[in-house]
Amino acid sequence: MLVKNILDQKPIGGVLTIKSTNSLMDAAKILSEKRIGALIVSDSEGSVDGILSERDIVRELGRSGTGCMTENVASIMTDTVIACHPTDNVMSVMGKMTDGRFRHMPVLDEGKLVGVVSIGDVVKGRIGEIESENSALADMIAGNA
């Protein structure tokens, strides 16, 4: 299975981004309202300048207290972002996410942001792939193929 197969199954609605100059409070509000775990930081359309997760915010709250919520996104975002391509294999993406211990990965096509996959998306896609393979094998064993 390829990343583009996962993107095709996701609801259409675009990728939510936030500017690096927005406050952490702004980011927390968006994450909460949209019930998502991360935002792509982008100061120009289609670019990926960083990523900010709800975990990043919680860690900063633990370190600095609630006063940090007025700080800007750039102060804690991850600015070295590992991305994937729509034609990447899901297993390789899963490996990168596991090795890097992150849960969200931007998808870039020709340098432009085209989507985001979460570890949940990747696991769901992989389970679907395994179920299809299992069904095909069962049909072969039963002589239906």
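Heavy-atom basis, side chains included; hydrogens, waters and symmetry copies ignored. Just so we're clear, the structure is a prediction, and the values are computed from it rather than from any experiment.
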**Q** Can you list the residues that meet the side chain to side chain donor-acceptor pair (under 3.5 Å) rule with Ser132, with sequence neighbours excluded?
**A**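 Residues passing side chain to side chain donor-acceptor pair (under 3.5 Å) with Ser132: none at all.
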**Q** With a 4.5 Å limit on heavy-atom distance, are the side chains of Ser118 and His104 in contact?
**A**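 The answer is yes; the side chains approach within 4.5 Å.
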**Q** Once salt bridge (charged side-chain N to carboxylate O under 4.0 Å, His left out) is applied, do any residues pair with Glu71, and if so which ones, sequence neighbours excluded?
**A**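 For Glu71, no residue satisfies salt bridge (charged side-chain N to carboxylate O under 4.0 Å, His left out) once neighbours in sequence are set aside.
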**Q** What's in the same ILVMFWY side-chain cluster as Ile119, cut-off under 4.5 Å, chained through other members?
**A**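 When side chains under 4.5 Å apart are linked, the cluster holding Ile119 also contains Met1, Val3, Ile6, Leu7, Ile82, Val90, Val93, Met94, Met97, Phe102, Met105, Val107, Val114, Val117, Val122, Val123, Ile127.
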**Q** Just list the side-chain donor-acceptor pairs under 3.5 Å for residues 24-32, sequence neighbours left out, or say none.
**A**
unit_1, atom_1, unit_2, atom_2, d
Asp26, OD1, Ser23, OG, 3.4
Asp26, OD2, Asn22, ND2, 3.2
Asp26, OD2, Ser23, N, 3.2
Asp26, OD2, Ser23, OG, 3.2

**Q** Which residues pass the side chain to side chain donor-acceptor pair (under 3.5 Å) test with Ser42, sequence neighbours left out?
**A**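 For Ser42, the residues satisfying side chain to side chain donor-acceptor pair (under 3.5 Å) (neighbours in sequence not counted) are Ser47.
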**Q** Residues in side chain to side chain donor-acceptor pair (under 3.5 Å) with Glu60, at least two apart?
**A**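 Side chain to side chain donor-acceptor pair (under 3.5 Å) list for Glu60, sorted by chain: Arg63, Ser64.
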**Q** Holding to side chain to side chain donor-acceptor pair (under 3.5 Å), I want the full list of residues that pass it with Arg126, two or more places apart in sequence or in another chain.
**A**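 Only Glu129 meet the side chain to side chain donor-acceptor pair (under 3.5 Å) criterion with Arg126.
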**Q** Please enumerate all residues that pass side-chain contact (heavy atoms from CB on, under 4.5 Å) together with Val81, with sequence neighbours excluded.
**A**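 Listed in chain order: Val48, Ile51, Pro106.
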**Q** Salt bridge (charged side-chain N to carboxylate O under 4.0 Å, His left out) with Glu54: which residues, sequence neighbours excluded?
**A**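 With neighbours one apart ignored, the set is empty.
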**Q** Using 0.5 Å steps for rounding, measure from the OG atom of Ser53 to the CD1 atom of Ile36.
**A**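 Between Ser53 OG and Ile36 CD1, I get 11.0 Å after rounding to 0.5 Å.
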**Q** Once salt bridge (Lys or Arg N to Asp or Glu O under 4.0 Å) is applied, what residue pairs with a partner in residues 111-124 remain, sequence neighbours excluded?
**A**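 Output for this query lists Lys10-Asp121.
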**Q** Test your reading of the model: is there a side-chain donor-acceptor pair from Asp49 to the backbone of Asp43, 3.5 Å cut-off?
**A**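 At least one qualifying donor-acceptor pair exists.
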**Q** If you link I, L, V, M, F, W and Y whenever their side-chain heavy atoms are under 4.5 Å apart, who else ends up in the same group as Leu2?
**A**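 So far as hydrophobic clustering goes, Leu2 is joined with none.
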**Q** Could you list all the side-chain hydrogen bond (donor to acceptor under 3.5 Å, both in side chains) pairs where at least one residue sits in residues 76-90, not counting sequence neighbours?
**A**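 Non-adjacent pairs meeting side-chain hydrogen bond (donor to acceptor under 3.5 Å, both in side chains): His85-Thr87, His85-Asp109.
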